[in-house]
Undergrad: 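Below is one structure. I have some questions about it.
On a predicted model such as this, the values are computed, not experimentally measured, just so you know.
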Amino acid sequence: MSVTTPARSHRVALTRAYHFSAAHRLSTPALGPEENARLYGPCHRPHGHNYYVEVTVTGPPDPQTGMAFDLRVLDAAVERAVVGEVDHRALEDVPLLAGVITTGEGLARAFFHTLEAELPHGTLAGVVVQETAKNRFEYRSGA
Ligand code: NI
């Protein structure tokens, strides 16, 4: 059996994990202090998480290198545009999250759109934010 080069249309999804630690406090400007406290419970008080972020990119494996995406390019973009901005900060003070309610949903969406502008067009497929061992939020291209 001969080894054949995959067709260019065959894309591989590659997911890489990153980590940061940050403080946050859930609050919506749509509600007053008492309603916010009732809605978010203990999450309305300042507290922190050790977050994990999974970034998925897709591409056709390059026939010469065998790589679908250069991990150094991905690492540089994620470290500069996301991790470097949020690590050991209060998320409400981070410029890229201005106006974002810092739920896992809000973070996944904001990180996706930040990275979409940093990576080659059409390569970013999804961003997952894992806030705790129990909570995992996924934002996909086209969502
Ligand atoms: Ni929290």
Side-chain angles (χ1 to χ4, degrees), residues 4-143:
T4 56
T5 303
R8 294 290 293 175
S9 61
H10 290 187
R11 297 175 76 85
V12 172
L14 184 160
T15 299
R16 190 141 160 103
Y18 302 89
H19 172 261
F20 69 92
S21 299
H24 81 150
R25 174 177 186 261
L26 295 184
S27 182
T28 173
L31 299 174
E34 287 180 16
E35 291 167 299
N36 264 304
R38 197 160 39 241
L39 175 64
Y40 293 116
C43 296
H44 184 54
R45 299 195 292 267
H47 63 282
H49 296 283
N50 290 311
Y51 290 94
Y52 287 86
V53 179
E54 294 174 13
V55 178
T56 300
V57 291
T58 66
D62 184 286
Q64 283 193 321
T65 67
M67 298 193 301
F69 202 96
D70 188 335
L71 285 178
R72 290 170 303 182
V73 171
L74 184 59
D75 285 355
V78 176
E79 296 290 344
R80 183 183 67 252
V82 173
V83 174
E85 294 293 311
V86 297
D87 191 32
H88 285 74
R89 311 247 179 212
L91 296 180
E92 286 71 27
D93 297 339
V94 170
L96 82 86
L97 298 173
V100 174
I101 299 172
T102 59
T103 56
E105 296 92 323
L107 297 181
R109 182 172 187 274
F111 294 165
F112 183 96
H113 289 295
T114 296
L115 289 172
E116 193 175 37
E118 297 284 331
L119 297 172
H121 181 73
T123 58
L124 181 61
V127 170
V128 167
V129 170
Q130 184 162 346
E131 187 186 51
T132 71
K134 292 182 174 180
N135 296 345
R136 191 171 183 276
F137 304 88
E138 189 168 349
Y139 190 90
R140 288 280 160 206
S141 179

Undergrad: Please step through side-chain contact (heavy atoms from CB on, under 4.5 Å) for the pair Leu74 and Tyr18, ending with a clear verdict.
TA: CA-CA 11 Å; Leu74 184 59; Tyr18 302 89; 3.4 Å; yes

Undergrad: Using side-chain heavy atoms (C-beta onward) and a distance below 4.5 Å, is Ser21 in contact with His88?
TA: yes

Undergrad: Of all heavy-atom pairs between Pro61 and Gly66, which one has the smallest distance, and what is that distance?
TA: CB-O, 4.1 Å

Undergrad: Check whether any side-chain heavy atom of Phe69 sits under 4.5 Å from a side-chain heavy atom of Thr123, and report yes or no.
TA: yes

Undergrad: Taking the side chain as every heavy atom from C-beta outward, state whether Arg140 and Thr56 have any pair of such atoms under 4.5 Å apart.
TA: yes

Undergrad: Which atoms form the tightest heavy-atom contact between Ala108 and Phe137, and what is the distance?
TA: CB-O, 4.1 Å

Undergrad: Looking at CD of Glu54 and CD of Glu138, how far apart are the two atoms once the value is rounded to the nearest 0.5 Å?
TA: 8.5 Å

Undergrad: Rounded to the nearest 0.5 Å, what separation is found between the CG atom of Leu26 and the CZ atom of Arg45?
TA: 12.0 Å

Undergrad: So which atom in Thr58 and which in Ala125 form the shortest heavy-atom distance, rounded to 0.1 Å?
TA: CG2-CB, 3.8 Å

Undergrad: Kindly give the heavy-atom pair with the smallest separation between His19 and Asn50, and that separation in Å.
TA: NE2-CB, 3.6 Å

Undergrad: For the atom pair OG1 (Thr114) and CG (Leu96), what is the distance rounded to the nearest 0.5 Å?
TA: 4.5 Å

Undergrad: Arg16 versus Val55: any side-chain heavy-atom pair under 4.5 Å?
TA: no

Undergrad: Report yes or no: does Glu92 contribute a side-chain atom to a donor-acceptor pair with the main-chain N or O of Arg25 at less than 3.5 Å?
TA: yes

Undergrad: Are any non-hydrogen side-chain atoms of Phe111 and Val86 less than 4.5 angstrom apart?
TA: yes

Undergrad: For residues Arg80 and Glu85, report the shortest heavy-atom separation together with the two atoms involved.
TA: O-CG, 3.8 Å

Undergrad: Less than 4.5 Å apart, any side-chain heavy atom of Val78 and any of Val53?
TA: no

Undergrad: Taking Asn36 for the side chain and Leu31 for the main chain, is one N or O donor matched with an acceptor at less than 3.5 Å?
TA: yes

Undergrad: Would you say the side chain of Arg136 lies within less than 4.5 Å of the side chain of Tyr52, judging by non-hydrogen atoms?
TA: no

Undergrad: Test side-chain contact (heavy atoms from CB on, under 4.5 Å) on Phe20 and Arg89; report intermediate values, then the result.
TA: CA-CA 10 Å; Phe20 69 92; Arg89 311 247 179 212; over 6 Å; no

Undergrad: Considering only heavy atoms from C-beta outward, does the side chain of Tyr51 approach that of Glu131 to under 4.5 Å?
TA: yes

Undergrad: Please state whether the rings of His47 and His49 are parallel, tilted or perpendicular, taking 30° and 60° as the class boundaries.
TA: perpendicular

Undergrad: Looking only at non-hydrogen atoms, find the nearest pair between Ala110 and Leu97 and report the distance.
TA: CB-CD2, 3.6 Å

